[in-house]
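First the structure, in the form of C-alpha cells, and then the observations on it.
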Amino acid sequence: MSLKMRESRVLAKLRAGETVCCFKINLADPRSVEIAALAGFDCVWADQEHIGQDWSIMAANVWATKSHNVDLLVRVPRGSYSDYLRPLELDASGIMVPHVKGVEDARKVIDMVRFYPVGRRPIDGGNADAAYTGVDFNEYLVQANQQRFVVLQIEGPEPLEELEEIAALDGFDMLFFGPGDFSQGIGAPGQWNHSKLLETRVKVAEVAAKYGKFAGTVGGLGNLKDLLDMGYHFVSIGADVVGLKNYCQELVSAFKNTTSDAASTSYLEN
C-alpha cells in the first residue's frame with residue numbers, strides 16, 4: 001500500500017485565504033518547539049543560518065511539530081543543495097532561503113529544491129518525508145512539490161529591480177520581507193520607519209499578490225493589523241529567546257524592587 005506525504009498546515013491555511021501565525025526558535029531544545037506547538041502556533045521557524053543546530057536536534061524539532069499537526073519551517077544556510085534538502089528529507093514542511101539577490105539566484109534555488117518538472121532536486125525517497133520509501137516514487141515527486149513550501153527572503157535592496165521577475169517564477173510559494181537586514185542594506189540599520197523600508201515592505205506584499213505568491217514577514221502584536229492590511233498572511237510574531245529574556249528581566253526587576261523595599265525597613269522601626 002502506497003502512503004501519502006503529510007500535508008502542510010501552512011499551505012492549507014494560506015490556500016484557504018487564512019492567516020498563519022509563526023514563532024521563531026533560537027534555542028537548541030525540541031521542548032521549546034513543542035511548547036510553541038502546544039500553544040497553538042501554526043508554524044515554528046527553526047534557524048540554520050545563524051545557529052547551525054545539530055541535525056539530530058532538527059529531526060527532533062520535526063517530530064515535536066508533527067505530533068501536534070504543526071509545520072516546521074527551517075531557514076537554511078546559503079550553501080550547497082544538501083543544506084537545502086536535509087530539512088525537507090527530515091520532513092520539515094518548508095524551507096526559507098535567506099538573502100536572495102536576484103532572479104538568477106532565485107532560479108538556482110528553485111532548481112535545487114523542486115522535483116521534475118519544475119526543477120532538478122536530487123531524489124532519495126528513503127527518508128522521513130517519503131515515509132522511508134512508503135510513498136510511490138512518482139507520487140513522491142508530485143506530493144513534495146505540492147505539500148512542501150519554499151520561501152525566498154527579500155532582505156536587501158539588490159533584488160528589488162527584479163522583484164516582479166522573481167515573483168513570476170514557478171516553484172516557490174512565498175516572498176518573505178526581512179526588515180532587519182534590509183535596514184542595514186540601505187544604510188539605515190534599525191531605522192524601522194525609514195521611508196525606503198516602509199515602501200519596500202508594502203511593495204513585497206503587493207508584488208507577491210500580483211503573481212499569486214504569499215507574503216510573509218516578521219512583526220509583533222503592535223503592527224499585526226497593519227501587516228495584515230498590507231497583504232501579509234504569514235507573520236512571525238515572537239521568539240523563544242525574546243520571551244525568556246523578558247520573563248527573566250521581569251523576575252529580577254521585581255525581586256530587586258521587593259528586596260530593596262525590605263532592606264529599607266529597619267528592624268528598629270518594627
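Heads up: numbering here begins at 1 and tracks the sequence.
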Q: Decide whether Val202 and Leu224 are clustered together by the hydrophobic rule: side chain heavy atoms of Ile, Leu, Val, Met, Phe, Trp, Tyr closer than 4.5 Å, transitively.
A: yes

(Q) For Cys43, run the side chain to side chain contact (heavy atoms under 4.5 Å, CB included) check against Cys22, Ser236, Cys21, Ser8 and tell me which one passes. (A) Cys22

Q. So, the side chain of Ser183 versus the backbone of Gly190: is there a donor-acceptor pair under 3.5 Å, distance only?
A. yes

Q) Would you find a donor on one side and an acceptor on the other, under 3.5 Å apart, between the side chain of Glu49 and the backbone of Arg75? A) no

Q. Does any N or O in the side chain of Arg201 come within less than 3.5 Å of the main-chain N or O of Pro179, such that one atom is a donor and the other an acceptor?
A. no

Q. Taking NZ, NE, NH1 and NH2 as the nitrogens, is one of them in Glu104 or Arg107 under 4.0 Å from a carboxylate oxygen of the other?
A. yes

Q.
Any salt bridge linking Lys196 with Glu199? Criterion: basic side-chain nitrogen under 4.0 Å from a carboxylate oxygen.
A. yes

Q) Around atom OH of Tyr211, are there more than 12 heavy atoms of other residues, nucleotides or ligands at under 6.0 Å? A) yes

Q: Look at the side chain of Asp240 and the backbone N and O of Leu27, then say whether any donor-acceptor pair between them is shorter than 3.5 Å.
A: yes

Q: Using a strict cut-off of less than 4.0 Å between a Lys/Arg side-chain nitrogen and an Asp/Glu carboxylate oxygen, indicate whether Asp91 and Arg6 qualify as a salt bridge.
A: yes

Q: May I ask you to say whether Asp71 pairs ionically with Arg9, meaning some side-chain N is under 4.0 Å from a carboxylate O?
A: no

Q) Between the main-chain N or O of Gly102 and the side-chain N or O of Asp105, is there a donor-acceptor pair closer than 3.5 Å? A) no

Q) Would you say Glu7's side chain and Gln147's backbone share a donor-acceptor pair under 3.5 angstrom? A) no

Q: Give the C-alpha distance, both sets of side-chain angles, the deciding distance and a yes or no for side chain to side chain donor-acceptor pair (under 3.5 Å) between Lys24 and Asn26.
A: CA-CA 7 Å; Lys24 186 173 184 288; Asn26 278 44; 2.5 Å; yes

Q) Hey, is the main chain of Ala28 close enough, under 3.5 Å, to the side chain of Ser32 for a donor-acceptor pair? A) no

(Q) Do Pro30 and Trp63 make a side-chain contact, defined as non-hydrogen atoms from C-beta onward lying under 4.5 Å apart? (A) no

Q) Is the backbone of His50 close enough, under 3.5 Å, to the side chain of Asp47 for a donor and an acceptor to pair up by distance? A) yes

Q: Examine Phe115 together with Tyr140 and report whether their ring centres are nearer than 6.0 Å.
A: yes

Q) Does a sphere of radius 6.0 Å around CZ in Arg120 hold more than 12 heavy atoms from other residues, nucleotides or ligands, not counting ones at 6.0 Å or beyond? A) no

Q: Please confirm whether the backbone N or O of Ala64 pairs with a side-chain atom of Glu34, one donor and one acceptor, at under 3.5 Å?
A: no

Q. Charged N to carboxylate O below 4.0 Å: is that the case for Asp229 and Lys225?
A. yes

Q) Any side-chain heavy atom of Ser93 sitting closer than 4.5 Å to one from Leu72? A) no

Q. Is the shortest heavy-atom distance from the side chain of Lys213 to the side chain of Met174 under 4.5 Å?
A. no

Q: Report the relative orientation of the aromatic rings in Phe234 and Phe176; use parallel for angles under 30°, tilted for 30 to 60°, perpendicular for over 60°.
A: perpendicular

Q. Salt bridge check: are Asp129 and Lys66 linked by an N-O gap of less than 4.0 Å?
A. no

**Q.** Under 3.5 Å donor-acceptor, Asn257 side chain and Ser253 backbone
**A.** yes

